[in-house]
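Per chain, numbering begins at 1; letters A, B, ... match sequence-line order. Note that the structure is predicted; figures quoted are calculated from it, not measured.
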Amino acid sequence: MALIEAKNLTKVYKRFEKEPGLWGSVKSLFHRRLVEKEAVSGFDLTVERGEFVGLIGPNGAGKTTLIKMLTGIIPPTSGALSVLGFTPNKLQNELKRQYAVVMGQKSQLMFDLTPADTFLLFKRMYEIPDDEYRHSLALLTDLFGAGAYLNMQVRTLSLGERMKMELVTALLHDPKVLFLDEPTIGLDAPAQRQIRAFLKEVNTRRGTTILLTSHYMEDVRSLCPRSVVVGGGRKVYDGGTEALFDAYQTHKKVTVQFEGETAFTAPDACALLEQSPHKAVFTIPKERSGAILEQIMREHSLSDISIEEEDIGVVVEKIYRQETGARL
Amino acid sequence: MSKYIEVFRLSFKMQIVWRFDAAMTMLMTFGRIFAGWILWRTIFDGKALVGGFTFRAMLSYYIAGSILNAVNFSNQISGEVSGLIREGRFSGHMVTPMNPMGFFSAMAAGESAFHLGFSILAAVLCAAVFRVDVALTGSAPGLLLGAAMALLGLTFTSCFQYFIGILAFKFVDITFFLHVQWNIIAFATGAMVPLALLPKAALSVLQFVPFTHVVYTPAMLFTGQLTAREGLLGLGVITAWTLAVLVIAQYTYGRLRVKYEGVGI
């Protein structure tokens with residue numbers, strides 16, 4: 001039996017709309033217009049034990065709403081949902097003891113105290129036996145090399161250190177499922193790398209099923225063999241991550257800095273995004289990137305060059321357009 | 001239960017972190033007692049009794065009431081809970097295996113326990129400086145009953161405040177409810193004036209109101225102005241109200257939490 005099963009899941013939010021200005025506010029005292037927004041629509045999802053699944057999508061796609069429904073924070077408007085055999089929105093402790101949630105922008109740590117103090121609370125809350133707690137804490141802090149700041153006041157930790165402690169807190173009770181909502185948001189590259197390595201290790205060593213949402217392509221690409229792309233509240237792709245990027249990430253974004261003032265003309269098949277006498281930003285087709293870059297370097301004196309993967313939002317937009325024929 | 005004891009300890013530890021805040025709280029209790037001393041001395045000027053109280057009995061009541069009022073930190077719960085709901089951060093309490101009402105009550109109890117020591121110290125200092133001869137009851141049943149009522153009073157106000165806080169699931173902004181309950185509590189607890197000064201008819205109604213038994217009755221018991229037998233009715237009333245508000249708050253949470261959307265946050 002699958003660990004997570006969602007069938008035809010839909011969530012409709014009702015929002016209040018008000019005309020601008022003082023008169024609009026006065027009118028809204030007597031008459032309020034409610035607008036419905038379908039944040040998630042007819043969503044099917046099955047996740048098996050031990051999987052590491054990436055949920056990809058632009059802002060407002062419905063990823064966080066989906067996580068909120070899966071963890072029971074909000075009920076679905078319609079559809080069937082089962083997590084570890086439970087209905088999440090019943091908020092039964094039996095289920096809550098088996099999963100953990102880390103939301104990048106919401107902390108579980110007690111800011112005035114040390115991480116070790118919060119760990120003690122979680123030990124009691126999840127009824128973790130002493131031996132298991134000691135073993136789990138040693139393993140997790142060792143994986144992160146985070147022993148040095150267990151006894152520091154949380155508010156004095158850097159963002160990266162704090163996120164590591166959030167993850168240790170969430171994993172102390174060895175949950176079967178871990179929901180991660182933007183765990184690397186705002187972190188620098190080394191901290192992101194450390195967190196990725198940690199999550200990979202946890203997934204492999206403990207067999208923890210992980211559902212990850214992230215804006216960073218690298219998070220999903222390096223961690224999740226399977227990706228689910230969400231656009232406009234609908235599932236637009238569900239399959240292998242590499243296959244997804246091979247099929248849809250067709251261009252690279254190149255930024256070149258010239259040594260002197262240069263009148264640059266983008267080569268054929270390239271799309272110019274930004275240009276100044278000293279700099280040009282353009283996209284090039286992935287399969288011709290080598291030849292085109294060689295040509296540019298031959299024709300111009302460059303002081304710097306950087307090549308980036310296509311933005312996750314562009315990839316999703318392409319999939320969405322291909323699947324539905326509409327724009328996001 | 002052990003998880004709530006850990007929350008209590010956590011809250012107690014949090015108070016120790018902020019030494020300046022703790023010292024200022026003590027100073028404020030000291031200041032409040034000093035202000036009460038000036039006020040009642042002026043009122044009693046030339047009079048032996050006011051509302052059946054001697055100056056000594058009145059000041060003793062005022063000190064006991066001030067301490068009970070100052071250490072009850074549950075009045076922060078409603079604002080904190082409603083703020084968390086509005087900002088979408090209450091979700092953290094929904095995904096962990098702990099009753100949110102128990103969590104917030106244990107946090108308030110930890111804070112109260114920490115400040116109790118400071119408040120008693122401030123009262124002792126104040127009594128020494130102004131040579132106030134505090135009239136404490138020598139009756140063990142009276143003291144025990146007062147302590148039990150103070151504890152139940154804290155439990156009641158915690159649950160009640162939590163109930164007000166979770167109304168934010170439906171109303172989002174609960175300022176109106178907060179104002180109403182602040183006014184009722186300030187009056188009915190006897191924190192403003194000893195309830196004995198009120199007309200008899202008002203008093204007979206108030207004895208069935210829970211807030212009366214949060215500060216007034218325990219303070220009267222501690223200062224020996226009510227006997228244990230007289231206090232028993234209060235104990236029954238506050239116990240019944242505590243159980244009732246516990247059930248109502250749990251039921252309301254179950255009904256309202258499904259309305260939680262936290263859209264856009």
Side-chain angles (χ1 to χ4, degrees), chain A residues 11-16 37 39 59-60 64-65 67-68 70-77 88-103 105-114 116-127 153-155 166 169-170 173 175 179 181, chain B residues 1-22 80 83-104 106-107 110-111 114 166 169-173 250 253-265:
Chain A
K11 179 69 192 178
V12 179
Y13 288 125
K14 281 187 183 146
R15 300 191 288 189
F16 151 57
K37 184 190 189 279
N59 281 338
T64 303
T65 299
I67 295 273
K68 282 180 185 167
L70 293 173
T71 52
I73 294 170
I74 57 171
T77 307
N89 194 244
K90 286 186 178 169
L91 293 182
Q92 289 152 285
N93 281 348
E94 291 87 340
L95 170 64
K96 291 195 266 183
R97 281 196 195 97
Q98 297 184 64
Y99 73 59
V101 195
V102 175
M103 296 208 173
Q105 288 158 317
K106 289 170 194 166
S107 180
Q108 302 210 74
L109 297 164
M110 300 280 174
F111 269 44
D112 291 338
L113 298 174
T114 65
D117 284 318
T118 304
F119 297 161
L120 281 175
L121 172 65
F122 275 66
K123 175 184 183 291
R124 298 268 182 232
M125 201 153 50
Y126 289 94
E127 296 163 14
Q153 197 181 27
V154 171
R155 61 171 67 252
E166 293 283 355
T169 309
H173 65 287
F179 296 98
D181 193 17
Chain B
M1 189 62 189
S2 69
K3 53 191 171 190
Y4 299 107
I5 293 171
E6 192 58 46
V7 175
F8 175 90
R9 288 170 53 168
L10 213 64
S11 171
F12 197 92
K13 284 189 274 183
M14 276 179 184
Q15 309 313 310
I16 298 171
V17 175
W18 306 117
R19 292 176 296 184
F20 178 78
D21 194 49
E80 194 182 344
L84 288 173
I85 292 171
R86 255 202 319 272
E87 292 157 21
R89 289 185 295 123
F90 191 82
S91 52
H93 293 281
M94 297 170 90
V95 294
T96 46
M98 181 181 270
N99 185 315
M101 181 163 67
F103 174 85
F104 288 105
M107 285 294 277
E111 203 168 345
F114 177 80
I166 58 171
F169 278 128
K170 183 166 174 61
F171 300 100
V172 186
D173 190 307
Q250 284 298 93
Y253 175 67
R255 295 281 298 209
L256 294 187
R257 70 168 177 78
V258 291
K259 293 180 184 293
Y260 187 54
E261 291 189 340
V263 55
I265 38 186

Inter-residue atom distance [X].[atom1] - [Y].[atom2], 0.5 Å rounding:
X      : Y      : atom1 : atom2 : answer
A:K68  : B:M94  : NZ    : CE    : 10.5 Å
B:H93  : A:I73  : NE2   : CD1   : 11.5 Å
B:N99  : A:L91  : CG    : CG    : 11.0 Å
B:K3   : A:E127 : NZ    : CD    : 6.0 Å
B:S91  : A:D181 : OG    : CG    : 10.0 Å
A:F122 : B:E6   : CZ    : CD    : 11.5 Å

In terms of heavy-atom proximity below 4.5 Å to chain B, should [X] be classed as side chain, backbone, both, or neither?
X      : value
A:Q92  : neither
A:Y99  : side chain
A:K11  : side chain
A:V12  : backbone
A:L113 : side chain

Which heavy-atom pair separates [X] from [Y] by the least distance, and what is that distance?
X      : Y      : result
A:K96  : B:P97  : CB-N, 4.2 Å
B:Y260 : A:I74  : O-CG2, 3.0 Å
A:N89  : B:R257 : O-NH2, 2.6 Å

### Query
For atom CZ of B:R255, is the number of surrounding heavy atoms from other residues, nucleotides or ligands below 6.0 Å larger than 12?
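Counting neighbours around CZ of B:R255, 12 or fewer heavy atoms of other residues, nucleotides or ligands fall under 6.0 Å, so no.
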#### Entry: Proximal component of B:F103, with respect to chain A [non-hydrogen, under 4.5 Å]
side chain
### Query
With only heavy atoms counted, which part of B:V7 is less than 4.5 Å from chain A, the side chain, the backbone, both or neither?
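When you check distances to chain A, atoms from both the backbone and side chain of B:V7 fall under 4.5 Å.
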### Query
Can you list the steps and then say if A:L121 with B:R9 is a side chain to side chain contact (heavy atoms under 4.5 Å, CB included)?
CA-CA 9 Å; A:L121 172 65; B:R9 288 170 53 168; over 6 Å; no
#### Entry: Options A:K123, A:M110, A:Q153, ranked by heavy-atom pairs under 4.5 Å with chain B, top entry
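The residue among A:K123, A:M110, A:Q153 with the greatest pair count is A:M110.
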### Query
Do you know which of A:L95, A:V101, A:T118, A:D117 has the most heavy-atom pairs under 4.5 Å to chain B?
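So the answer, after comparing A:L95, A:V101, A:T118, A:D117, is A:D117.
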